[in-house]
Amino acid sequence: MAERPEDLNLPSAVITRIIKEALPEGVNISKEAQSAISCTASVFVLYATSCANNFAMKGKRKTLNASDVLSAMEEMEFQRREQKGKKEASEQKKKDKDKKTDSEEQDRSRDEDNEEDEESLEEEEQNEEEDLDN
Amino acid sequence: MADVAVGKDKCGEQRLVSLPLSRIRVIMKSSPEVSSINQEALVLTAKATELFVQYLATYSYRHGSGKEKKALTYNDLANTAEESDTFQFLADILPKKILASKYLKMLKEKKEEDEDDEGSDDDEAES
């Protein structure tokens, strides 16, 4: 573990800026929310690292590389999708096959929401907008 | 929207990543079995974290309480952790808030339960 607790947190100024840029203008963020998000970000890094490390170990490598990180993103994504899938599966029993097609499309656009390559960034953000509006 | 995706530094130039890579590296290395990290992997993780922060903030804001639409509060985040599948893994670090009085009451009730259990154990020991 790192030497001091502060080392495990990301600089609050940067986090605040990222949040402010993401939210509409004029929206305030409580200090509590800021520091909570900061902790969350650190947890995210740990979670992603641990997942990526599993992939590296599978490949018998000691160095984490980009593909490990990408696989980890998919893996984290997959677990969420699986949960969502289970939820929807129970809903399916009450609904038509037509509805199932709709929810599959939603799943796909939701997958694209999540953080991956910087290349697919803009596309993702547009999808995120659409999905959140739904 | 492209501006939001790419951070800006003090000079106003666009950078790929706003978060300090050195700090990200420290966090990653605190994970037990990690020996070394490729530079690309580091940048990707940093970028992913930024996107994550943005996503969490916007999601919580939109799904948050209608009353305080001009602010993002801790409760918005806690609600998100509880209700969203995607953010389930955050449920432990974003617990819902309860009044201190209620918590103390819960502690007291638990203590009483434990004492009751001990009481019956003693009886068994004696017999």
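Quick note on labels: first sequence line is chain A, next is B, and so on, each numbered from 1. Bear in mind that the values here come from a model prediction, so they are computed numbers and not experimental data. Atoms considered below: every heavy atom in the structure, side chains included; atoms not considered: hydrogens, waters and symmetry mates.
Of the listed residues (B/Leu42, B/Val34, B/Thr45), the one with the most heavy-atom contacts under 4.5 Å to chain A is B/Val34. The candidate from A/Ile37, A/Ile15, A/Ile19 with the greatest count of non-hydrogen atom pairs under 4.5 Å with chain B is A/Ile37. Note: A/Thr40 leads A/Ile29, A/Thr40, A/Leu23 in heavy-atom pairs under 4.5 Å with chain B.
If you take CD on B/Glu50 and CD1 on A/Ile18, they are separated by 4.0 Å, rounding to the nearest 0.5 Å.
Remark: the B/Ser31 side chain and the A/Thr49 side chain contain no N/O donor-acceptor pair separated by less than 3.5 Å.
In plain terms, the two heavy atoms of A/Ser30 and B/Thr73 that are nearest each other are OG-CA, 3.8 Å. When every heavy atom of A/Ala22 is checked against every heavy atom of B/Thr58, the shortest pair comes out as O-CG2, 3.3 Å. Of all non-hydrogen atoms in A/Thr63 and B/Ile37, the two that sit nearest each other are CG2-C, 4.0 Å.
Below 30°, between 30° and 60°, or above 60°: for B/Phe52 and A/Phe44 the angle between ring planes is below 30°, a parallel geometry.
Proximity to chain B involves both the backbone and the side chain of A/Val27, based on heavy atoms less than 4.5 angstrom apart. With a 4.5 Å cut-off on non-hydrogen atoms, A/Asp68 does not touch chain B at all.
You'll find the side chain of B/Tyr61 reaches within 4.5 Å of the side chain of A/Pro24, heavy atoms only. At least one side-chain heavy atom of A/Val69 sits less than 4.5 Å from a side-chain heavy atom of B/Leu44. Residues B/Lys70 and A/Asn28 form no side-chain contact, since every pair of their non-hydrogen atoms from C-beta on lies 4.5 Å or further apart.
Within the 3.5 Å criterion, the main-chain N or O of A/Leu8 finds no donor-acceptor partner in the side chain of B/Arg23.
Open room surrounds CD on B/Glu40; 12 or fewer heavy atoms of other groups in view lie less than 6.0 Å from it.
Contacts of B/Asn79 classified as side-chain hydrogen bond (donor to acceptor under 3.5 Å, both in side chains), with partners at least two apart in sequence or in another chain: B/Lys96.
Cluster annotation: A/Phe55 and A/Leu64 are assigned to distinct hydrophobic clusters (Ile/Leu/Val/Met/Phe/Trp/Tyr, side-chain heavy-atom contacts under 4.5 Å, transitive).
Close approach to chain A, defined as a heavy atom under 4.5 Å from one of its heavy atoms, is seen in B/Lys97 of residues 97-113 of chain B, taken by number.
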